[in-house]
Amino acid sequence: MPELSVIVHGRNVQGHLGACLDSLAAQAAPDVEVIVAAVGASAQAAAAGRPGVTVVPLPEGTGDGAARAAGAERAGGRWLHFVPSKDGVPTGAPRAVADRVAELPAGADVLVVDHVRSTWRHQGMPSPDGRHLAKQGRRDLPLADCPNLLKVTPLLGNRVLRAEFWRAHRARLAVDDTPFAAYAALLLADRIATLDHVVLDVRELRPESLPKGPPEERYGVIDRYESLLRLAAERGLPTAPRAALYDVMVGDCLRVVARERLPDTVRREFFHRASMAAEAWRPAGYQRPGGLEGVRRRLLEEDSYARYRAFQTANQQRRRLRAAVLARKHKVGLKVRDLRYRRALERPVDPDLAVFTAYWDRGVACNPAAIAAKLAELAPHIHPVWVVSAANVPLLPPGTDHVVPGTPRYWEVLARAAYLVNNVNFPNAVVKRPEAVHLQTHHGTPLKRMGLDQLDYPAASKGLNFHSLLARVDKWDYSVSANAHSTEMWERAYPSHYTSLDHGYPRNDVYYGASAADVRAIREKLGIAPGKRAILYAPTHRDYEAAWTPRLDLATLADRLGEDTVLLVRGHYFYGGAASPLSGLRRSGRVIDVSSYDPVEELCLAADALVTDYSSIMFDYANLDRPIVIYADDWETYAKTRGVYFDLMEQPPGRVARTQEELTGLFASDAWHDEQAAKTRRAFRLRFCEYDDGRAAERVVRRVFLGEREESLPPVTPVDERTPAPTPEEADQR
């Protein structure tokens, strides 16, 4: 019995069915079957002859509900995923769903997943649902404990249903009204799980290409919600989910009134019917929201259509006026900015001015910071100015000359600087002057696909404008690389005329220059007692997750590893620290949350070992020649969803664990740092630490800022002849 049946159903709408089936064929897996409930001759022709696909031919005119039911009848999977024939299935989605449902307990009926949207113009636009999915994490709960899931976009394709659950409730779920079926699935489920992963690419067809029914069909929206609220009452659901559904109903009805083009007689009648429903189904103790939305809802409940229209008209006029004022201000501001920028561009380039920034203006960090430090030593006549967001200005080292994006001086220094250094890209508006040098330092060795190589991975690129990306790349003069692999991948992902600087990553120089005293001081600052084993856990960002949910049970791991082990846990900077899932553990003292600690290089120096999944930190940490363990519980999913340049499971930097139990076992024994682990690490270092020898910053400064010829630069020391910083154990003995 397969774990999952993907049921593609419907007509061959605008010829999209073939692309959907091609995508699924490329992702064939033994525990995933594909059923095509093909409506009409065109759909049957598109599905015919495909290996591994079961085709259920259905006559033209078969509705969505009947097509889903026919497909489910032939399905053998324990779980069913219904995919409309016009939509797509992103790379890695079936594998991710099959893995997730395989671990769910018997009581879970529905798995709610994420989706992206695509139109004829834009691909892979993210949905607003990720925050609701991330909040639940990996728990399965009754709807009463997760009522906000009713606010997830009502698609049946973002609900994966247990087959037994479908059969028990087929009469309510096999209907043509897809939003009704999507809501009903949640109301009928005993327990609901989530997967914060993009599983469906919803193709939004141009409205002009779709048939239009009579305006009176919109009354069905109210009928749908009343049926759902009636179902919630029959199920005896508590106030929270009924209030959430009521909120969705009222909001949806008000959107129909405000935004859809309807004859006034139909709009007025719709408003009246929605008012009756709002009064009849308002939960006991329900409180309207405040502000303008509260006024709209009160007028709806009072059935005051004339007053509502007057209120809307006044609001529209107010919005138009405010928008006009803001537009004028913005236009004037842009004109002033452009005028200042153009005037600054007419002035000579300042040969002693360098602009630095890192990680989208976060502060003094990464390769730019290491280059700036070496610049102060070798070329003190060049003045550095850092671009830093207003929020991060207080975190700057004392005395750092800086500018805030958008300010007059910001545009002035960008216009006149002879050197512009960044580990990401400067804004599109920045002009590349012929005399100026743009130095791209990057911020990691690429395991995951980057640049143009993301074209086939919409869940990762999320609507990235590749034309604008290439325009920014064309401004680069130099691209810094740490190894031949990176050089090759950058040239492929960012094809342009720049020169590759195969000099190593300047930020990694510290791994060869730090002393035993430095290591001891960092550990003392972090609160790590001498003799304790410190393990740095640094997982990567997953593009299909809205928030970070640790994939390890950190409390249990810390308990199993014993009192002599300290876990340093660093969440990816994309997620920020505002809602850290580590807050409870932080209070208990089981781990040290270092998500906001900078620089990360100090954390690496303090750690006896690194545990990561697919983060580029592994390539940097390998310079220390200390143990690295890869925790790869979802490698296949990540590789297929994000795209990777090589198989980390075949070329790891050390031991690999696929489960938490395996990870615990490695650290409970000597396997994490045994001879086999060291042998694997050496091969990894030879390939990926190729140019990192402690003198990368010097080579970059001499080449770019001092204009020295490449043959006169300090040669790269071979990997086996380097001496990394002392380990914590060695530092304690000195």
Side-chain angles (χ1 to χ4, degrees), residues 3 26-32 90-100 102-103 197 444-450 453-454 456-457 459-460 482-486 488-489 493 535-545 550-552 557 572 609-623 625-690:
E3 197 69 48
Q27 305 179 60
D31 54 350
V32 178
T91 304
R95 175 79 272 146
V97 173
D99 289 347
R100 182 73 173 104
E103 68 185 24
H197 187 115
T445 292
L447 167 62
K448 64 186 180 184
R449 298 277 178 144
M450 303 292 289
D453 289 334
Q454 296 181 81
D456 294 331
Y457 298 90
N483 46 65
H485 161 79
S486 293
E488 182 180 351
M489 294 309 103
I535 299 173
L536 174 60
Y537 171 49
T540 193
H541 164 69
R542 285 161 171 77
D543 301 274
Y544 46 81
E545 290 183 351
R551 307 185 71 85
L552 288 171
L557 179 63
H572 195 280
L610 170 70
V611 174
T612 186
D613 38 29
Y614 324 119
S615 170
S616 65
I617 195 174
M618 73 178 80
F619 302 100
D620 305 315
Y621 191 84
N623 282 284
D625 198 16
R626 300 180 192 174
I628 301 173
V629 175
I630 298 298
Y631 179 59
D633 67 318
D634 65 339
W635 165 250
E636 289 78 13
T637 297
Y638 182 86
K640 289 180 180 178
T641 304
R642 187 56 172 87
V644 293
Y645 287 118
F646 66 93
D647 189 343
L648 185 63
M649 301 301 98
E650 295 296 324
Q651 303 173 63
R655 293 290 189 177
V656 176
R658 301 303 298 262
T659 67
Q660 178 156 335
E661 194 62 31
E662 289 181 11
L663 180 67
T664 305
L666 288 175
F667 282 101
S669 66
D670 290 331
W672 63 286
H673 63 163
D674 64 7
E675 184 178 344
Q676 181 59 44
K679 181 180 179 181
T680 305
R681 183 169 70 251
R682 181 178 182 275
F684 190 85
R685 294 181 73 234
L686 287 171
R687 181 181 182 190
F688 295 112
C689 300
E690 187 176 1

Any heavy-atom pair between the side chains of Asn483 and Arg687 that's under 4.5 Å? no
Separation of Met618 CE from Leu610 CG (nearest 0.5 Å): 8.0 Å
Partners of His485 by ring-ring contact (aromatic ring centres under 6.0 Å, His included), sequence neighbours excluded? Phe646, Phe688
The test is side-chain contact (heavy atoms from CB on, under 4.5 Å); show your working for Tyr631 and Glu662 and say whether it passes. CA-CA 9 Å; Tyr631 179 59; Glu662 289 181 11; over 6 Å; no
Nearest heavy-atom pair of Gly654 and Thr680: which atoms, and what distance? N-CG2, 3.8 Å
So which atom in Met649 and which in Asp647 form the shortest heavy-atom distance, rounded to 0.1 Å? N-OD1, 2.9 Å
For the atom pair OG1 (Thr540) and CD1 (Ile617), what is the distance rounded to the nearest 0.5 Å? 10.0 Å
Reported CZ-to-CG distance for the pair Arg642 and Leu447, which is rounded to 0.5 angstrom: 9.5 Å
Does anything in residues 609-619 form a salt bridge (charged side-chain N to carboxylate O under 4.0 Å, His left out)? List the pairs, not counting sequence neighbours. Arg542-Asp613
To the nearest 0.5 angstrom, please state how far the CG atom of Leu552 sits from the OH atom of Tyr537. 4.0 Å
By the ring-ring contact (aromatic ring centres under 6.0 Å, His included) test, which pairs, at least two apart or in different chains, include something from residues 649-670? Phe667-Trp672
Please find the pair of heavy atoms, one from Glu103 and one from Arg100, that lie closest to each other, and give the distance. OE2-NH1, 2.8 Å
Nearest heavy-atom pair of Met450 and Ala493: which atoms, and what distance? O-CB, 3.3 Å
For the pair Arg658 (side chain) and Ala632 (backbone), establish whether a donor and an acceptor sit closer than 3.5 Å, ignoring hydrogens and angles. yes
Rounded at 0.5 Å granularity, tell me how far CG in Leu663 sits from CD1 in Ile535. 7.5 Å
Minimum heavy-atom separation for Thr637 to Arg95, with atom names? OG1-CG, 3.9 Å
So how far is it from Cys689 SG to Arg682 CZ, rounded to the nearest 0.5 Å? 12.0 Å
